[in-house]
Amino acid sequence: MAKAKHAKTNAIRLLEQQKIQFEVIEYETGDGQVDGISVAEKIGHPVSRVFKTLVAKASAQKLFVFVIPVAEELDLKAAAKVIGEKKIDMLPVKELLSYTGYVRGGCSPVGMKKLYPTVIDTSAQEQGKIIVSAGKIGMQVHLQLDDLVAATKAKLAPITTTQA
């Protein structure tokens, strides 16, 4: 479980409530290098194990969450097909906080204001354990993929440009 000395984010609180095992990993943000690839280097884990959380919007303000490797791009067409929508667009950054409770660079798939339909890229299955944001810039959580799927009620599908 998380150590008491860590700041409690919504993501960490939710994981603790669900009695999910996880490790909190903190990293330095003073240099401004908070992109996923830089974060993977800072925390000493392979880039393939670190995932980013993206939020997209379909018509009628329906939101969807996509969790993909930090070095990959979301395939909007493949993602739309997986969720049964004709078209999706990325949620504008200025709307992220109001919908999710998180800021860009600190958006976790766990503990958003609402539980949005979530899709995790199938490449996560190759990792077993993956690393996602803990809900704050400078903090990540390392947990079993199955636990993340359970916490977010996610489904797995190929949604990156290299896989789709």
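Quantities reported herein were computed from a predicted structural model and do not represent experimental measurements. Atom set for the values below is all heavy atoms of this structure, side chains included, hydrogens, waters and symmetry mates excluded.
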Query - Verdict with supporting geometry, Lys77 and Lys87, side chain to side chain contact (heavy atoms under 4.5 Å, CB included) - result: CA-CA 7 Å; Lys77 285 183 179 173; Lys87 182 177 187 280; over 6 Å; no

Requested in this report: Please examine the side chains of Ser133 and Met139, heavy atoms only from C-beta on, and report whether any two atoms are closer than 4.5 Å.
Outcome: no

Query raised in the report: From Tyr99 OH over to Leu63 CG, what is the distance, rounded to the nearest 0.5 angstrom?
Result: 6.0 Å

Report task. For Leu14 and Ala151, work out which heavy atoms get closest and say how close. Result -> CD2-O, 4.3 Å

Query raised in the report: When you check the gap from the basic side-chain N to the acidic O, do Glu28 and Lys42 get nearer than 4.0 Å?
Result: no

Query raised in the report: Taking atom OG1 of Thr118 and atom CZ of Phe64, what is their separation to the nearest 0.5 Å?
Result: 10.0 Å

Query raised in the report: Is it true that Leu115 and Val119 fall in one hydrophobic cluster, defined by side-chain heavy atoms closer than 4.5 Å?
Result: no

Report summary line: All heavy atoms of Thr100 vs all of Leu96, minimum pair found to be OG1-O, 2.7 Å

**Report entry** Check: Leu15 and Gln17 side chains under 4.5 Å, non-hydrogen atoms
**Finding:** no

Query raised in the report: Are side-chain heavy atoms of Thr160 and Leu74 found at a separation under 4.5 Å?
Result: no

Requested in this report: Please indicate whether Arg104 has more than 12 foreign heavy atoms, meaning atoms of other residues, nucleotides or ligands, lying under 6.0 Å from its CZ.
Outcome: no

Query raised in the report: Is any side-chain heavy atom of Gln21 less than 4.5 Å from a side-chain heavy atom of Leu143?
Result: no

Report summary line: Shortest non-hydrogen pair, Leu148 vs Val110, comes out as CD1-CG2, 3.5 Å

Report task. Kindly give the heavy-atom pair with the smallest separation between Phe66 and Ala56, and that separation in Å. Result -> CE1-CB, 3.7 Å

Query raised in the report: Roughly how far, to the nearest 0.5 Å, is CG of Leu76 from NZ of Lys81?
Result: 15.0 Å

Query raised in the report: Under a 4.0 Å N-O cut-off, is there an ion pair linking Glu23 with Lys129?
Result: no

Query raised in the report: Can you check whether Gln125 reaches Leu156 side chain to side chain, under 4.5 Å on heavy atoms?
Result: yes

Query raised in the report: Nearest 0.5 Å, what's the CD1-NZ distance between Ile83 and Lys86?
Result: 13.5 Å

Query raised in the report: Counting only heavy atoms not in Lys113, do more than 12 sit closer than 6.0 Å to its NZ atom?
Result: yes

Query raised in the report: Nearest 0.5 Å, what's the CD-CD1 distance between Glu72 and Ile159?
Result: 10.5 Å

Query raised in the report: So, are Lys52 and Asp121 salt-bridged, with charged N and O less than 4.0 Å apart?
Result: no

**Report entry** NZ on Lys136 to CG on Asn10, rounded to 0.5 Å
**Finding:** 12.5 Å

Report task. Decide yes or no for Met112 and Cys107: does some side-chain heavy atom of the first lie under 4.5 Å from some side-chain heavy atom of the second? Result -> yes

Requested in this report: Tell me whether Val93 is reachable from Leu54 by hopping between hydrophobic residues (I, L, V, M, F, W, Y) whose side-chain heavy atoms are closer than 4.5 Å.
Outcome: no

